[in-house]
Amino acid sequence: MEVLVNKTIERSLEQAISYGKYRELVEFLALEGKSSAPEQSESMTEFTVLNDRRMKRWDKTISLTEEVLATVKELNRSVRWLVLTESWCGDAAHALPVMNKIAEQSDKIQLEIVFRDQHEDLMNMFLTNGGKSIPKLIAIDIDSQEIIGTWGPRPATATQMVEDYKEKYGKLTPELKQDLQVWYNKDKGQSIANELLELLPLELVGDGS
């Protein structure tokens, strides 16, 4: 992408938290009847509670294919995955456990998380079709301090489902959200894992030398 880490990204990295800390915070918010949103609401709280349950399940059940495991273990350079998210985001509840599972396989992948609404300047640098869609993962080569790719907010198949539905019905509905949930459950994180491998360019993968 030929974009280097700037002051905005540096500030966000300084304030980022680990996946473990993020999970603790989301669980705490769920227990307290709150969300990470600036303005609290019943719907945001309900989504946070639901997402906490989803992440607990995915943390226990997600497994990576041999291809994914082999590719990750070949990394010979270090990368940072900086992710923008919020506790109420349904897509994030499916994606973040996959990101963490991959990062756990290599000490060369650092997964770090920030909240979108606390980092508006960063979010504005990585919009999706002009929108502040999350989760948004920013991949940074630690040695060169170059942004080598981004991912989010959804895997390609789920994105196509949303686009097709909007074209047909003009808006997103609870029915679509249910369809997406069914798809995520059937996919078991495999599409996300495979797409995340594309954030590890060839020059980052060991060549056997």
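With hydrophobic clusters built from ILVMFWY side chains whose heavy atoms lie under 4.5 angstrom apart, L197 shares a cluster with I62. Cluster membership for L137 and V72, using ILVMFWY side-chain heavy atoms within less than 4.5 angstrom, is shared. The hydrophobic cluster containing V49 does not contain M44, counting ILVMFWY residues as joined when their side-chain heavy atoms lie under 4.5 angstrom apart, directly or transitively. Neither V26 nor L50 shares a network with the other; the hydrophobic side chains, linked directly or stepwise wherever heavy atoms of I, L, V, M, F, W or Y lie under 4.5 Å apart, form separate groups for each. The hydrophobic clustering, which links ILVMFWY residues whose side-chain heavy atoms are closer than 4.5 Å, places M55 and F28 apart.
Here the OG atom belonging to S18 is positioned 10.5 Å from the CG atom belonging to L25, to the nearest 0.5 angstrom. Taking CE from M161 and CG from L180, the interatomic distance works out to 4.5 Å, rounded to the nearest 0.5 Å. Rounding to the nearest 0.5 Å places OG of S12 at 8.0 Å from CG of D121. Distance check: E112 CD to I17 CD1 gives 10.5 Å after rounding to the nearest 0.5 Å. In this structure, E86 CD and N51 CG are separated by 11.5 Å, a value rounded to the nearest 0.5 Å.
The heavy-atom pair separating L111 from A103 by the smallest distance is CB-CB, 4.0 Å. Residues I138 and T150 come closest through the heavy atom pair CA-CG2, 4.4 Å. Contact between I134 and T85 at its shortest, heavy atoms only, is CD1-C, 3.8 Å. The shortest heavy-atom contact between L122 and T8 is N-CG2, 3.6 Å. Between A16 and L82, the shortest heavy-atom contact is CB-CD1, 4.1 Å. Across every non-hydrogen atom of M123 and S133, the tightest pair is CE-O, 3.8 Å.
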| task | Determine, step by step, whether R23 and D52 satisfy the salt bridge (Lys or Arg N to Asp or Glu O under 4.0 Å) criterion, reporting the C-alpha distance in whole Å, the side-chain angles of both residues, the deciding distance to 0.1 Å, and the verdict. | result | CA-CA 8 Å; R23 289 293 296 111; D52 181 49; 3.0 Å; yes

| query | When you look at Y184 and D91, which way does the side chain to side chain donor-acceptor pair (under 3.5 Å) test go after all the steps? | reply | CA-CA 9 Å; Y184 275 122; D91 291 299; 2.6 Å; yes

| request: Let me see the working for E163 and K166 under side chain to side chain contact (heavy atoms under 4.5 Å, CB included), right down to the final yes or no. | output: CA-CA 5 Å; E163 291 177 353; K166 288 174 67 176; 5.9 Å; no

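Q160 and D164 share a side-chain donor-acceptor pair at under 3.5 Å. In this structure, a donor-acceptor pair under 3.5 Å is present between the side chains of N185 and Q181. Side-chain polar atoms of T48 and K34 form no donor-acceptor pair below 3.5 angstrom. At a cut-off of 3.5 Å, with distance as the only test, no side-chain donor of Q110 or W81 sits close to an acceptor on the other residue.
Sorted by first and then second residue, the ring-ring contact (aromatic ring centres under 6.0 Å, His included) pairs involving residues 6-26 (not counting sequence neighbours) are Y22-F115.
Within 6.0 Å of CD on E42 lie no more than 12 heavy atoms contributed by other residues, nucleotides or ligands. Other residues, nucleotides and ligands contribute at most 12 non-hydrogen atoms within 6.0 Å of the CD atom of E120. Within a 6.0 Å sphere centred on CZ of R57, heavy atoms belonging to other residues, nucleotides or ligands number more than 12. Crowding of E67 atom CD: a count of heavy atoms from other residues, nucleotides or ligands under 6.0 Å not exceeding 12.
Counting heavy atoms from C-beta outward, E175 and Q178 have side chains that stay 4.5 Å or more apart. Between M125 and N6 there is a side-chain heavy-atom pair separated by less than 4.5 Å. Looking at K136 and R116, their side chains never come closer than 4.5 Å, going by heavy atoms from C-beta outward. Here the side chains of P135 and W151 are in contact, with some heavy-atom distance below 4.5 Å. Between I142 and R77 the shortest side-chain heavy-atom distance does not fall below 4.5 Å. Residues W183 and P155 form a side-chain contact, since some pair of their non-hydrogen atoms from C-beta on lies under 4.5 Å apart. Considering only heavy atoms from C-beta on, T173 stays 4.5 Å or farther from K177 through its side chain. When side chains are defined from C-beta on, T128 counts as touching P153, because their heavy atoms get closer than 4.5 Å.
Side chain of Q40 to backbone of S35: a donor-acceptor contact under 3.5 angstrom is found. Distance alone, capped at 3.5 Å, is enough to place a donor-acceptor pair between the S36 side chain and the S87 backbone. Judged by distance alone, with hydrogens and angles left aside, the side-chain atoms of N100 form no donor-acceptor pair with the main-chain N or O of L96 at under 3.5 Å.
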Indicate every side-chain donor-acceptor pair of residues 186-193 with a distance under 3.5 Å to a residue at least two apart or in another chain.
residue	atom	partner	partner atom	Å
D187	OD1	S191	OG	2.8
D187	OD2	Q190	N	3.2
D187	OD2	S191	N	2.9
D187	OD2	S191	OG	3.4
Q190	NE2	S63	O	2.9
Q190	NE2	K188	O	3.2

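Take K73 and apply the side chain to side chain contact (heavy atoms under 4.5 Å, CB included) test, not counting sequence neighbours, and it matches Q105.
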